[in-house]
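Reminder, nothing fancy here: chain letters follow the sequence lines and each chain counts from 1.
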Amino acid sequence: MSKYKVVVGMGSCGIAAGAHSVYEKVQETIKNKPELEIMLEETGCIGMCYKEPLVEIENVKTGKKFLYGGVDVKRWDKIVEEHLVKGEGIKKWMVKTSDKDGTEEDIFKKQFRIVLARTGHINPESIEEYIDTDGYKALKRVLRDMKREDVIDEIKKSGLRGRGGAGFPTGLKWEFASKEKNSKKYMVCNADEGDPGAFMDRAVLEGDPHSVIEGMIIGAFAVGSDEGYIYCRAEYPLAIKRLTIAIEQAEKMNFLGDKILGTEFSFYITIKQGAGAFVCGEETALMSSIEGKRGMPRIRPPFPAQKGIWNKPTNINNVETYANVAWIIHNGYEKFAKLGTEKSKGTKVFSLSGKIRKTGLVEVPMGISLREIIFDIAGGIPNNKKFKAVQMGGPSGGCIPEQLLDIPVDYDSLSSTGAIMGSGGMVVMDEDSCMVSIAKYFLNFTQNESCGKCTFCRVGTKRMHEILTRITEGKGREGDVEKLEEIAYMVAESSLCGLGQTAPNPVLTTLKYFRNEYEAHIKDKKCPAGQCKDLIILKIDKEKCIKCGLCALNCPVDCITGNKDTPYEIQQKKCIKCGSCKSVCPVKAVLVE
Amino acid sequence: MSNAEKTLLMQILQKHKTEKGSLIPVLQDIQEHFGFISKESMELVSEQLDYPESDIYGVVTFYAQFKLEKPGKHSMKICQGTACHVIGADTVRDVVFKELNLKDYGTTEDMKFTVEEVACLGCCSLAPVIMVDNQVFGKLTIDKIKKILNTY
């Protein structure tokens, strides 16, 4: 038995922050200091991306756990010296301890973890650790004690709604598919997480792949399917690797495959890799893509439950939805239904990014306010800046302003603002973010990703993008806002799938809440946030400049001249207005005009 | 196409022989092994899978993953996700272009890098980020980008 268990967070974020070199360093320590008796493991995302790389040290004898944040190679050496050799933990680097009186970061308060319960705690490549934490118990209960209708009934009563965006009741969806009389049915997991700003599905797939697989198996049993696909984007190589391992392990232990656990029920899962098309997150497009065709949406009805992949009944749910299923069966629907609001039960995972102190993943009961998430849990806006808006729901969603921050987070309240719950991506913006530019950004995205089938989506988004581009370039004309509204209405009304129907949302919400910014761009040719490059000039205040030269050193286009005797100056002709000089100036001498 | 390449292609086709909807997985394997999908390989796939060439071309041009031209040695994807956009993806792009002497997305003259934009890498909390080959680099600064480029 070892003295210490060291667990390194190896989600994509952790690896990008340098977890690999820390992991190697720990291996080195194990070799050089065998007397410490270290056992090394890896885990998925803990959700505190802003503190990556994260390393947990468990004293095996006492069971006490200490989580260290921002661990680089140097810090690791220090931790070995102080904590492991001398037995004195380094408090200032600890973000969480298992002691009640230890440091617990605010980010964990107010959270309730169902989907993220295991991520960051278990080794995602070990089925044993999943089983040790109540894994596959729900499946065993289903196969032993329940009939197909019982499972559907349980999910219906739990109130679980689809976590991919639209919020359709999951139990009802399963019921539709189960009622179809066909010997062949498909079960699909939509893991084509494409919304920019959303990364919870990646974290679940990387950190707890078995929970998704177990949910899928239970669902397959309920609808009567024997074959499933996980459609995962190719941009998530680590998620695909861990899913592949998990499926192999589950097959070996007969949770998957022929005659599962001695029953008559058989189920197989194949992974299909997406090939880089956002529209494939739409269910009918996704099915075309699985069939090996261009991912073009089609008219519904017939719904996938009637005619899906290769015209067979197909049930599609999102990653997070499946990850809730086993918990509901294991803990009982009452416990789940107790969480949340009347119409939105359970919890929701949100990914926090943008201009916010604590970026990462949080899972909260539905119904808590946006303000609680952004300010109480995530610590608000950094650098003493003012909150301006939070973008929710990606390209289909909208920007929610300060005055609406107290609304509860549930499907219906969020829809009433013009934004949507979507998959749960929250990108926070401060006073330096230009709302016209954000709308332009999303329209650029949707016009790129439009599959081209419907004219209004294909051409309309392009025209909207053109108008927004000219507004941000200071060439906006009288009447542009009205034209945007007119096209927005037509695109929403005349598109076949969700992509086109919701594409105008970012424009409509910014127009609704930040119309004055549009007007400033068009009438005064000014960008109030100082972000639109054609409408601003960067200048150095000669009086304030201390001639340190940092600005010139950091200028990507070398357009700043000066030396230790003459104040620095920006050559306007070459300036690309990237703002690097402004961000590095120690005395705030770079001004935006 | 050389004989060795032809053999590799046939192996790929053989591997997916029994799979339903195999066109995309076949193309993904070709993309991975060859780095792009040539006209000759599309012709061969068409012949072997009994698919019209026009349909294959349609699929190849629909998905961002498939390339029609030979790419550089390393692939670099600049993330244009919302979080990266808000925090400064445009500056990252400008710096990369300047360092690699590029005017637009594409391949450098020395065929070392192919630079593309990507909708979102899902590492939003580390914005701005880029992915070189399969490795993600986050919290980029101008200095950091220069250092990363120098290691390749």
_Toward chain B, the part of A:Glu227 with a non-hydrogen atom under 4.5 Å_ = side chain
*Pick whichever of A:Ile576, A:Val427, A:Asn448 has the most heavy-atom pairs under 4.5 Å with chain B.*
A:Val427
*asked:* Let's test your reading of the structure: which of B:Gln31, B:Gln28, B:Lys20, B:Glu19 forms the most heavy-atom pairs below 4.5 Å with chain A?
replied: B:Lys20
*Toward chain B, the part of A:Arg294 with a non-hydrogen atom under 4.5 Å*: both
*If you measure from the Lys or Arg side-chain nitrogens to the Asp or Glu carboxylate oxygens, is any gap between A:Glu291 and A:Lys293 under 4.0 Å?*
yes
*Going by residue number, which parts of residues 145-152 of chain B are within reach of chain A, meaning a heavy-atom gap below 4.5 Å?*
none
*For chain A, find which of B:Leu126, B:Leu27, B:Leu23 contributes the most heavy-atom pairs closer than 4.5 angstrom.*
B:Leu126
_Assess, by modelled atom type and distance only, whether the side chains of A:Ser423 and A:Glu193 contain a donor and an acceptor separated by less than 3.5 Å._
no
*Heavy-atom neighbours of B:Phe34 CZ exceed 12 at 6.0 Å*: yes
_Heavy-atom proximity to chain B below 4.5 Å, by part of A:Cys434_ = neither
_Contact origin within B:Glu99 toward chain A - heavy atom pairs under 4.5 Å_ = neither
*Checking heavy atoms, do the side chain of A:Val428, its backbone, both or neither come under 4.5 Å from chain B?*
backbone
*Examine whether an atom of A:Phe442 lies under 4.5 Å from a heavy atom of chain B, and if so say whether it belongs to the side chain, the backbone or both; otherwise answer neither.*
side chain
*asked:* Looking at chain A, which one of B:Cys120, B:Cys84, B:Ala127 has the largest number of heavy-atom pairs inside 4.5 Å, strictly under?
replied: B:Cys120
*Winner by heavy-atom pair count (cut-off under 4.5 Å) against chain A, out of B:Val60, B:Val95, B:Val59*: B:Val59
*asked:* Test side chain to side chain donor-acceptor pair (under 3.5 Å) on B:Thr108 and B:Asp110; report intermediate values, then the result.
replied: CA-CA 5 Å; B:Thr108 54; B:Asp110 59 1; 2.7 Å; yes
*Tell me, out of A:Ser351, A:Ala275, A:Gly276, A:Ala17, who's got the most heavy-atom pairs with chain B below 4.5 Å.*
A:Ala275
*Side chain / backbone / both / neither for A:Ser437 at chain B, heavy atoms under 4.5 Å*: both
*Tell me, out of B:Met131, B:His85, B:Gln135, who's got the most heavy-atom pairs with chain A below 4.5 Å.*
B:His85
*Let me know if A:Lys577 has heavy atoms under 4.5 Å from chain B in its side chain, its backbone, both or neither.*
neither
*Quick one: which of B:Val129, B:Asp94, B:Val26 has the most heavy-atom pairs under 4.5 Å with chain A, could you say?*
B:Asp94
*Highest number of heavy-atom pairs under 4.5 Å with chain B: which of A:Lys272, A:Glu52, A:His20, A:Glu235?*
A:Lys272
*What residue, out of A:Met200, A:Arg233, A:Lys533, has the most heavy-atom pairs lying under 4.5 Å from chain B?*
A:Arg233
*If you measure from the Lys or Arg side-chain nitrogens to the Asp or Glu carboxylate oxygens, is any gap between B:Lys67 and B:Glu116 under 4.0 Å?*
yes
*asked:* Counting the benzene-type ring for Trp, do B:Phe97 and B:Tyr105 have ring centres under 6.0 Å apart?
replied: yes
*Side chain, backbone, both or neither: which part of A:Thr270 has an atom under 4.5 Å from a heavy atom of chain B?*
neither
